[in-house]
Amino acid sequence: MTKQEMLAAKALGLVAFVSVWELASRWVGDYWVPGIGQVAGRIWTELLAGKLLADLAATSQLLLAGTSIGAVCGCAVACMLRLAPRLDMLMQPFITAVMSIPKLGLVPLLVLWFGTGWVPKVMLVALTVLFIVFSLTYAGLATVNARLVMTARVFGASSFQLTRHVVVPSVLPFIFTGLQVALPWAVSAALVAEYLAAKEGIGHGIEEARQLSDSVGVYYGIVLATVLVLLCNGVLAFARKLAIKVQP
């Protein structure tokens, strides 16, 4: 498919989406599905008032902090287990059990332990990201070519050179895939965290609109969250191309 055909398909999909939205609004009423013009008007109003950028910045900071911590910890745990086979065998049942727990179900426990400040919100996002990145990184480490590693050792490659030139290029695509898979879940976790106790942020805005029965405000928050996911996904895609391109 050419670029022109891809652009045409995306434009057609956007037109179809807007059409379905407007038809749904007229069919069930503005309370249930506000018109796209109403939501666009709210976006413009909040942008002029400065609230849109403030909410976007607050949620982005929470998302960045939690995702960074979760990604680093996920990669570290995967590497540690791959380097220690006995520890890997010992920990796998426990990791599987912990991964089966819905992370949003940990919200009451995190609030009980750490209160309603910044820490539990970051931890919720970090835990959501951690296990997804761990799974993909763990799988990526398993794909490292053992013969290539052995050949590099024969030619006198140090551990640092082996990691940089063999392991990292093999695992990096898996890490970025893990981040892209985790991103929507991380945004959902950030919104839920902001529902609990926050004075700003997209999740706080949605909860505030819900309490006021402001359906336009709820849809405004949903659109803003969707835009945030798309922006972050674009940044990840760009970083992935750049990182893989510069690999020696």
Side-chain angles (χ1 to χ4, degrees), residues 1 4-64 66-67 102-108 110-111 116 120-121 124-125 127-129 132 180-237:
M1 182 179 289
Q4 290 79 5
E5 290 175 339
M6 290 180 64
L7 289 174
K10 290 180 180 179
L12 184 61
L14 182 60
V15 170
F17 174 75
V18 171
S19 301
V20 171
W21 186 343
E22 282 297 324
L23 288 173
S25 177
R26 296 181 182 182
W27 183 41
V28 301
D30 291 346
Y31 178 79
W32 299 99
V33 182
I36 193 169
Q38 292 175 287
V39 178
R42 178 65 63 87
I43 291 174
W44 180 249
T45 300
E46 298 293 353
L47 178 61
L48 294 179
K51 188 175 183 300
L52 186 151
L53 295 179
D55 287 343
L56 197 60
T59 305
S60 297
Q61 290 173 5
L62 175 60
L63 184 63
L64 178 61
T67 301
K103 304 306 172 287
L104 298 183
L106 298 175
V107 171
L110 293 175
V111 172
T116 57
K121 290 184 281 190
L124 180 60
V125 178
L127 287 172
T128 302
V129 173
I132 297 176
Q180 289 179 315
V181 172
L183 180 60
W185 294 98
V187 172
S188 298
L191 296 183
V192 171
E194 289 176 339
Y195 292 159
L196 301 175
K199 295 182 179 179
E200 58 182 358
I202 299 173
H204 168 70
I206 294 175
E207 176 62 16
E208 190 177 54
R210 183 197 65 80
Q211 293 175 359
L212 297 173
S213 298
D214 179 14
S215 58
V216 177
V218 173
Y219 274 79
Y220 154 77
I222 293 172
V223 170
L224 204 58
T226 304
V227 170
L228 179 60
V229 171
L230 293 176
L231 288 174
C232 292
N233 196 57
V235 171
L236 273 178

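Values in this document were obtained by computation on a predicted structure and should not be read as measured data.
- Heavy atoms of other residues, nucleotides or ligands lying less than 6.0 angstrom from CH2 of W185 number 12 at most.
- Tested against C232, the residues V229, L228, L236, V235 include a single side-chain contact (heavy atoms from CB on, under 4.5 Å) partner, L228.
- Between E22 and G37, the closest heavy-atom pair is OE2-N, 4.0 Å.
- To the nearest 0.5 Å, atoms CD (Q61) and CG (L56) are separated by 10.5 Å.
- Side-chain contact between V218 and D214: absent, with no pair of heavy atoms (C-beta onward) separated by less than 4.5 Å.
- Here CG of L48 is found 12.0 Å from CD1 of I43. Values are rounded to the nearest 0.5 Å.
- Side-chain contact check for Q180 versus L183: every heavy-atom pair is 4.5 Å or farther apart.
- The backbone N or O of G203 sits less than 3.5 Å from a side-chain atom of E194, completing a donor-acceptor pair.
- At least one side-chain heavy atom of E46 sits less than 4.5 Å from a side-chain heavy atom of Y220.
- Counting heavy atoms from C-beta outward, S25 and I36 have side chains that stay 4.5 Å or more apart.
- D55 places none of its side-chain heavy atoms less than 4.5 Å from the side chain of H204.
- Put simply, the side chain of T128 never gets that close to the backbone of A189: no donor and acceptor are under 3.5 Å apart.
- The nearest pair of heavy atoms linking I202 to G221 is CG2-O, 3.4 Å.
- To the nearest 0.5 angstrom, E200 atom CD is 12.0 Å from E208 atom CD.
- Nearest heavy atom pair, residue A186 against residue V129, reads CB-CG2, 3.7 Å.
- When the side chain to side chain contact (heavy atoms under 4.5 Å, CB included) test is applied to V181, the partners found at least two apart in sequence or on another chain are I132, T177.
- Y219 contributes atom OH, which lies 11.0 Å from atom CD of Q38 (distance to the nearest 0.5 angstrom).
- Nearest heavy-atom pair, I222 versus I206, reported as atom, atom and distance to 0.1 Å: N-CD1, 4.0 Å.
- Side chain of W21 to backbone of P34: a donor-acceptor contact under 3.5 angstrom is found.
- To the nearest 0.5 angstrom, K121 atom NZ is 9.5 Å from T59 atom OG1.
- Counting heavy atoms from C-beta on, the side chains of W44 and L52 never come closer than 4.5 Å.
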